[in-house]
Amino acid sequence: MDDDTPEEIFAELKTRPIGGWGVAQIGAGTGLAVYAMWVGILQPGFRKVPLRLQVPYIPASKVQVQNVMTLLRGRKGGLVDLGSGDGRIVLEAHQHGFSPAVGYELNPWLVQLARFHAWRAGHHEKVSYRREDLWKVDLTKCKNVTVFLAPSVLSLLQEKLQAELPDDALVVTGRFPLPDWKPCRVEGQGVERAWAYSMQAQRQNVCKENNNSITTE
């Protein structure tokens, strides 16, 4: 299962039952299609987002959230969720002691949905959901980062993570791994799987690859 391709994972996502509430939330997210068309006409800035960087909204399952929290076990401090969707990762992180717990999401409807979830859980004053482009988020002080994004985005995002995150940071991705990084831990199976990446180990791997390349030349 470790060699699953993005196509195989997408196929599994299509067959996974998500329940009535999941359908309702997907409706809230994907119902933005009409809204997106409207914004695309009236707000030129929206059209600057390339199609391959636009990520469909699929709510994380309870198992996926639990796998992410398992990989974060023993970690402390703040947490940032890039592309936070309905906010469930941020909310769960706060309940596991991460503070501040912040979600960045460009979709305004999902930001409001996330804030509603936090309000309903009684934690709306303790977590933060911000409508902001993840590419503009400053990650230089982030120690714990979670990501549930498509492979086309992850291939570019890993460059930003490599450039900005401190050495003691941990990155956890769900559904899809970072294409060029080696995980330090993996939790779960199939579409429920999550991958953890140590920034220190990643930078050491890059240094080794560069040294080997110089030696070969």
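All of these numbers come straight from a predicted model, not from anything done at the bench.
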Where do [X] and [Y] come nearest, in terms of heavy atoms and distance?
{"X": "N107", "Y": "W109", "value": "OD1-N, 3.0 Å"}
{"X": "S198", "Y": "C184", "value": "N-SG, 3.8 Å"}
{"X": "P179", "Y": "S155", "value": "CG-CA, 3.7 Å"}
{"X": "L165", "Y": "R203", "value": "O-NH2, 2.5 Å"}
{"X": "R185", "Y": "E187", "value": "NH2-OE1, 4.0 Å"}
{"X": "C142", "Y": "P166", "value": "O-CD, 3.2 Å"}

Hydrophobic clusters here meaning ILVMFWY residues chained together by side-chain heavy-atom distances under 4.5 Å, can you tell me if [X] and [Y] are in one?
{"X": "Y197", "Y": "F176", "answer": "yes"}
{"X": "I58", "Y": "V90", "answer": "no"}
{"X": "L79", "Y": "V111", "answer": "no"}
{"X": "V172", "Y": "V63", "answer": "no"}
{"X": "M69", "Y": "L91", "answer": "no"}

Other residues, nucleotides, ligands: >12 heavy atoms within 6.0 Å of K126 NZ: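 No, NZ of K126 has 12 or fewer neighbouring heavy atoms, counting only those of other groups under 6.0 Å.
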A side-chain contact here means heavy atoms from C-beta on lying under 4.5 Å apart; do [X] and [Y] qualify?
{"X": "E164", "Y": "V137", "result": "no"}
{"X": "L178", "Y": "W195", "result": "no"}
{"X": "V153", "Y": "V147", "result": "no"}
{"X": "L134", "Y": "L106", "result": "no"}
{"X": "F98", "Y": "V127", "result": "no"}
{"X": "Q64", "Y": "F148", "result": "yes"}

Within the distance-only criterion (no hydrogens, no angle test), does the side chain of [X] pair as donor or acceptor with the backbone N or O of [Y] below 3.5 angstrom?
{"X": "K182", "Y": "A201", "result": "no"}
{"X": "N144", "Y": "L170", "result": "no"}
{"X": "R88", "Y": "A60", "result": "yes"}

Measuring from [X]:[atom1] to [Y]:[atom2], what's the distance to the nearest 0.5 Å?
{"X": "K143", "Y": "R75", "atom1": "NZ", "atom2": "CZ", "result": "8.0 Å"}
{"X": "R115", "Y": "S128", "atom1": "CZ", "atom2": "OG", "result": "7.0 Å"}
{"X": "D81", "Y": "E105", "atom1": "CG", "atom2": "CD", "result": "9.0 Å"}
{"X": "L157", "Y": "W135", "atom1": "CG", "atom2": "CH2", "result": "5.0 Å"}
{"X": "T173", "Y": "W181", "atom1": "OG1", "atom2": "CH2", "result": "10.0 Å"}
{"X": "N67", "Y": "R175", "atom1": "CG", "atom2": "CZ", "result": "12.0 Å"}

From CA spacing to verdict: side chain to side chain contact (heavy atoms under 4.5 Å, CB included), Q162, M199: CA-CA 7 Å; Q162 176 78 28; M199 281 309 306; 4.2 Å; yes
Worked check of side chain to side chain contact (heavy atoms under 4.5 Å, CB included) between H117 and H123: CA-CA 9 Å; H117 286 322; H123 300 300; over 6 Å; no
Chi angles and distances behind the side chain to side chain contact (heavy atoms under 4.5 Å, CB included) call for V65, I89: CA-CA 6 Å; V65 174; I89 295 290; 3.8 Å; yes
Verdict with supporting geometry, Y129 and L110, side chain to side chain contact (heavy atoms under 4.5 Å, CB included): CA-CA 9 Å; Y129 298 104; L110 291 178; over 6 Å; no
Option passing side chain to side chain contact (heavy atoms under 4.5 Å, CB included) with V171 (candidates L161, T146, L71):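 That would be L161.
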